[in-house]
Protein chains: 2
Amino acid sequence: MTILEQIDKINRQLTAKGYKLTSQREITLQILLENENDHLSAEEVFMLVRAKFPEIGLATVYRTLELLSELHIVEKMNFGDGVARFDLRDDSHAHMHHHLICTDCGLVKEIKDDWLSEIEKRIENEFGFKVTDHRLDFTGSFNNCTSGDCKRKSKAVS
Amino acid sequence: MTILEQIDKINRQLTAKGYKLTSQREITLQILLENENDHLSAEEVFMLVRAKFPEIGLATVYRTLELLSELHIVEKMNFGDGVARFDLRDDSHAHMHHHLICTDCGLVKEIKDDWLSEIEKRIENEFGFKVTDHRLDFTGSFNNCTSGDCKRKSKAVS
DNA sequence: ATTCATGCAAACCATTTGCAGATCA
DNA sequence: TGATCTGCAAATGGTTTGCATGAAT
C-alpha cells in the first residue's frame with residue numbers, strides 16, 4: 001500500500017466517525033508514515049511537521065496524536081524516559097511488535113515475530129481475559145554494543 | 001522471609017553502596033512490602049508513609065523511590081495513566097511478572113508464570129542481545145467484567 | 001568535620017485546556 | 001448556520017531541584 005493509499009484509508013476511518021482530514025492532520029500522518037519505525041515523541045513529530053507546515057501549533061499535534069490514538073490508528077507508548085512516543089499501528093502486525101531496549105546506548109530496536117498468540121490463547125482460557133493488545137519490551141544490551149556508540153538502526157531513546 | 005528480614009537485606013544492599021537506611025527510607029520500604037501487589041504511585045506511597053511518619057516530605061519519597069529503582073530494589077513502571085508506579089522486585093520472579101490490564105474497569109491483575117525464558121534465549125542467539133529484564137503487559141477485558149464493577153483483587157489504575 | 005539526607009518551596013516540562021477566530025459541510 | 005478544528009497562551013500536574021538545616025559516622 002502506498003502512502004497515499006494509506007492516508008486515503010485513514011481518511012475514510014476519520015470521516016466514518018465524523019472527523020475531518022485537515023491539512024494539519026494529513027501532514028502529521030505523512031510524517032508518521034515516513035518514520036514508521038522511529039517511535040517519535042510529540043515534540044519530534046511537531047518539529048518534523050513544522051518543517052512542512054510552519055503555522056502549525058504544538059497543541060494541534062498533541063490533539064491529532066491523541067485522536068489517532070483513540071481510533072487505534074497510532075499506538076501511544078512509553079519507554080520510561082518521560083515522553084510519550086507514537087507509532088503507526090499495522091493491524092497485521094498487532095501480535096508481532098516488540099522492542100529490544102539497550103541500556104548501554106539507548107537504542108530501541110523493533111522486532112517483528114509472532115511469539116505471543118499461543119500465550120494469549122492460554123490467557124483467555126486460564127484467566128477468562130480477552131486480550132486485545134499487548135506490549136512486550138526487553139531491556140538488556142547488545143553483545144556488540146560499545147556503550148554509547150552503537151550502530152543506530154532505529155531512533156534512540158535517551 | 002519476614003518483612004524485617006527483607007528490610008535487613010535491603011539495608012545491607014544500601015550500606016554496601018554507601019547509602020543509609022534512614023527512618024524515612026525504612027518506613028517507605030515497609031509500605032512497599034505491605035503492598036507488594038498494588039503498583040502504588042509515588043503519591044500513594046507518600047500518603048501511606050505519611051500516616052506513619054507525618055513529617056516526611058513528598059520529595060523524600062520521590063528520592064527514595066528513585067534510589068531504590070536505581071539499585072533495582074523496586075521496579076518503576078508506567079501503565080500510561082500519567083503516573084509512575086512502583087513495585088518491589090523479587091529476583092526469583094524476574095521472568096514471571098506480567099500484567100493483565102482491563103480496559104473496562106482499570107483493574108491491573110498481576111500474573112506470575114514463566115513464559116519468556118525460552119524467548120529470551122532465542123533473542124540472545126538471534127539478535128546478540130543479552131536480556132536483563134522485560135515487561136509484558138496485556139490489555140483487554142475480563143469476560144466477567146461488568147464495566148466499572150469488577151471484583152478488584154488488585155489496585156485499580158484509573 | 002565531613003558526608004549524606006531531609007523538608008520546603010520553587011522550578012521544570014510534557015501535556016492539556018479555554019477561548020476566539022478560521023474552516024468546512 | 002452549525003459543527004468541527006486551529007493557534008495561542010495560560011493552566012495543570014507529576015516530578016525534580018536548590019538550598020539551608022539536620023543527622024550520622
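In the text below, chain A, chain B and the rest are named by the order of the sequence lines, each starting its count at 1. This structure is a prediction, so every number in the text was calculated from the model and none was measured.
- Residue B:Ala42 places its side chain closer to D:dT15 than to any other of C:dG7, D:dG7, D:dT15.
- Atom CZ in A:Phe46 sits about 8 Å away from atom P in D:dC8, given to the nearest Å.
- Rounded to whole angstrom, the span from the CD atom of A:Glu66 across to the P atom of D:dC5 amounts to 14 Å.
- The distance from atom NZ of B:Lys20 to atom P of C:dT6 is 9 Å, rounded to the nearest whole Å.
- What separates CD1 of A:Ile56 from C1' of D:dC5 is a distance of 11 Å, to the nearest Å.
- A 6.0 Å sphere centred on NZ of B:Lys52 holds more than 12 heavy atoms belonging to other residues, nucleotides or ligands.
- Picking from D:dC5, C:dT6, D:dG7 the nucleotide with the shortest atom distance to the side chain of B:Thr60 gives C:dT6.
- Rounding to whole angstrom units, CG of residue B:Asn11 and P of D:dA24 are separated by 14 Å.
- Each of B:Ala59 and A:Arg25 lies near DNA chain D, and the nucleotide nearest A:Arg25 is the one positioned closer to the 5' end.
- For A:Asn78 and C:dC13, the CG to P distance is 18 Å, given to the nearest whole Å.
- Each of C:dT16, D:dT15, C:dG7 was ranked by its minimum atom distance to the side chain of B:Leu58; first place goes to D:dT15.
- Comparing C:dG7, D:dT16, D:dT6 by their closest approach to the side chain of A:Thr22 singles out D:dT6.
- Under the side chain to side chain contact (heavy atoms under 4.5 Å, CB included) test applied with A:His98, the options A:Lys109, A:His134, A:Arg135 reduce to a single match, A:His134.
- We find that CG of A:Leu65 is positioned 17 Å from C1' of C:dT17, with the value rounded to whole Å.
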Give the intermediate values and the outcome of salt bridge (Lys or Arg N to Asp or Glu O under 4.0 Å) for residues B:Glu66 and B:Lys76.
-> CA-CA 8 Å; B:Glu66 188 58 34; B:Lys76 185 177 183 176; 3.4 Å; yes

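- Rounded to whole Å, the distance from CG on B:Asp81 to C1' on C:dT15 is 14 Å.
- Neither OP1 nor OP2 of D:dA23 sits under 4.0 Å from any side-chain N or O of B:Gln24.
- A:Tyr62 has a side-chain polar atom (N or O) that falls below the 4.0 Å cut-off from OP1 or OP2 of C:dT15.
- With D:dT17, C:dT17, C:dT15 as the candidates, the nucleotide lying closest to the side chain of B:Arg63 is D:dT17.
- When the nucleotides D:dG14, D:dG7, C:dT16 are ranked by their closest atom to the side chain of B:Val83, D:dG14 comes out on top.
- Remark: aromatic rings of A:His39 and A:Phe86 are distant, center separation not under 6.0 Å.
- Among the heavy atoms of the strands, none lies under 4.0 Å from B:Glu43.
- Checking D:dC5, D:dT16, C:dT15 against every side-chain atom of A:Ala84, the shortest atom distance belongs to C:dT15.
- The backbone N or O of B:Ile123 lies less than 3.5 Å from no partner atom in the side chain of B:Glu126, so there is not a single donor-acceptor pair.
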